[in-house]
Amino acid sequence: MERARKHILIVYTGGTIGMIKDPITGLLSNVDFNLIADHVPEIRRLNIDIDSVSISQPTDSALMTIDHWNEIAQTIFENYTRYDGFVVLHGTDTMAYTASALSFMLKGLRKPVVFTGSQLPIGIIRTDGKENLITSLEIAAADNSGEALIKEVTVYFDYKLYRGNRSTKDSASEFEAFKSPNFLELASAGVEITFYPERFIPESTGDLEVQFINSEEVALIRMFPGMNWSHYDSVFQYPKTKAIVLETFGAGNALLTELGRNYIADFISKGGVVLNITQCSSGSVDQTKYKSAEELMNLGVVGGGDMTTEAAVTKLLYLLSKEDNRDAIVRLLSENLKGEITN
Ligand code: ASP
């Protein structure tokens with residue numbers, strides 16, 4: 001018996017994939033999604049019914065805000081029952097942040113959400129956008145006995161499908177722009193698309209619900225040798241800072257001076273949350289390994305395990321939007337909510 005054709009919605013948010021060069025300034029700016037479709041007529045030959053919708057103001061993803069994340073989530077929510085899957089066209093610069101945010105925001109997701117984009121605009125002959133778009137559509141339409149095969153938020157780029165909240169932009173110039181340093185890919189596209197179901201997150205239950213993000217009270221500090229903590233005085237003192245992500249060295253080790261200790265202790269005593277993640281591109285924080293990391297732990301800093309910066313920041317924004325209780329936030333930070341952390 002022939003399988004029913006899948007119905008996929010492309011959500012266009014901007015990015016290089018849909019940009020053209022202004023003939024006068026030479027700068028790239030976003031165009032209408034229809035122009036993308038004209039450049040990839042192949043998608044009409046796929047055995048998939050495709051519709052598209054655009055967010056209200058498609059943008060270079062460097063300019064993405066929490067409002068854009070909420071609009072993308074709302075678009076998926078409103079169209080959820082009508083489509084079998086979603087392909088989100090997005091700029092590469094902050095794709096991993098949006099994909100991480102959406103992975104937390106979409107509770108009860110049981111359909112594929114595949115983020116993709118390109119390093120070269122779709123109108124350029126050597127564009128990587130065509131392959132990325134075509135294979136993303138095929139992945140979003142992949143079937144498992146009449147159900148969706150992928151039921152989570154993912155990033156597809158350069159022949160690999162990654163978990164969204166494990167992905168990170170790794171190259172500004174290679175076609176292989178993304179990596180998933182601490183978790184293996186969910187699928188790889190060769191002659192065939194090979195899926196690895198043993199790596200998928202456990203299936204969600206219940207209806208789809210969206211937890212919109214209504215907090216922007218997170219700050220990020222990346223350490224460097226010789227840093228002077230007093231530069232961060234305003235970050236720690238700013239009354240609206242509720243959480244600080246510390247990007248530390250190696251397995252979570254910090255340059256702790258008297259001032260740094262005082263800032264952290266004082267911030268935590270006032271109800272702030274500090275999360276320790278590593279600035280290494282792979283590996284995990286272990287706050288029991290070295291003295292400075294242990295000191296952070298004793299000050300009440302939460303170990304972020306092997307979370308990416310993108311997952312750490314968006315998980316905090318999500319938890320601050322959802323929970324008032326500091327203890328609950330601290331507990332959930334170290335729990336594996338959507339496959340973002342190994343524990
Ligand atoms: N600046 C672009 C963006 O992120 C880069 C890209 O799409 O590759 O929107």
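It should be emphasised that the depicted structure is a prediction, and the values quoted were computed from it without experimental measurement. Along the sequence shown, the residues carry numbers beginning at 1. We count ligands from 1, going down the list as the structure has it; atoms in each ligand are counted the same way.
- The residues R110 and E203 are annotated as salt-bridged, a charged nitrogen and a carboxylate oxygen being separated by less than 4.0 angstrom.
- Checked against a 3.5 angstrom limit, the closest N/O atoms of H90 and ligand 1 fall outside it.
- Taking 4.0 Å as the cut-off between side-chain N and carboxylate O, R45 and E42 do not count as a salt-bridged pair.
- Any N or O atom pair closer than 3.5 Å counts here, and D93 shares at least one such pair with ligand 1.
- Nearest non-hydrogen protein atom to atom 8 (O) of ligand 1 is T92 OG1, 2.4 Å.
- For ligand 1, the atoms sitting less than 4.0 Å from at least one non-hydrogen atom of T16 are 2 (C), 5 (C), 6 (C), 7 (O), 8 (O), numbered in the order shown with element in parentheses.
- Applying the 4.0 Å criterion to heavy atoms of G15 picks out, from ligand 1, the atoms 7 (O), 9 (O).
- No salt bridge links D327 with R331; every basic N to acidic carboxylate O contact stays at or beyond 4.0 Å.
- For the pair K169 and F178, the cation-pi test (distance below 6.0 Å, angle within 45°) is failed.
- By the criterion of a heavy-atom distance under 4.0 Å, neither the backbone nor the side chain of A177 is placed next to ligand 1.
- The protein heavy-atom contact nearest to atom 4 (O) of ligand 1 is S61 OG, 2.6 Å.
- Under 4.0 Å is where a charged nitrogen must lie from a carboxylate oxygen, and between R82 and D51 no such pair does.
- Where the criterion is an N or O separation shorter than 3.5 Å, residue side chain and backbone included, D60 meets it with respect to ligand 1.
- Between H7 and Y83, the ring planes lie tilted relative to each other; the angle falls in the 30° to 60° range.
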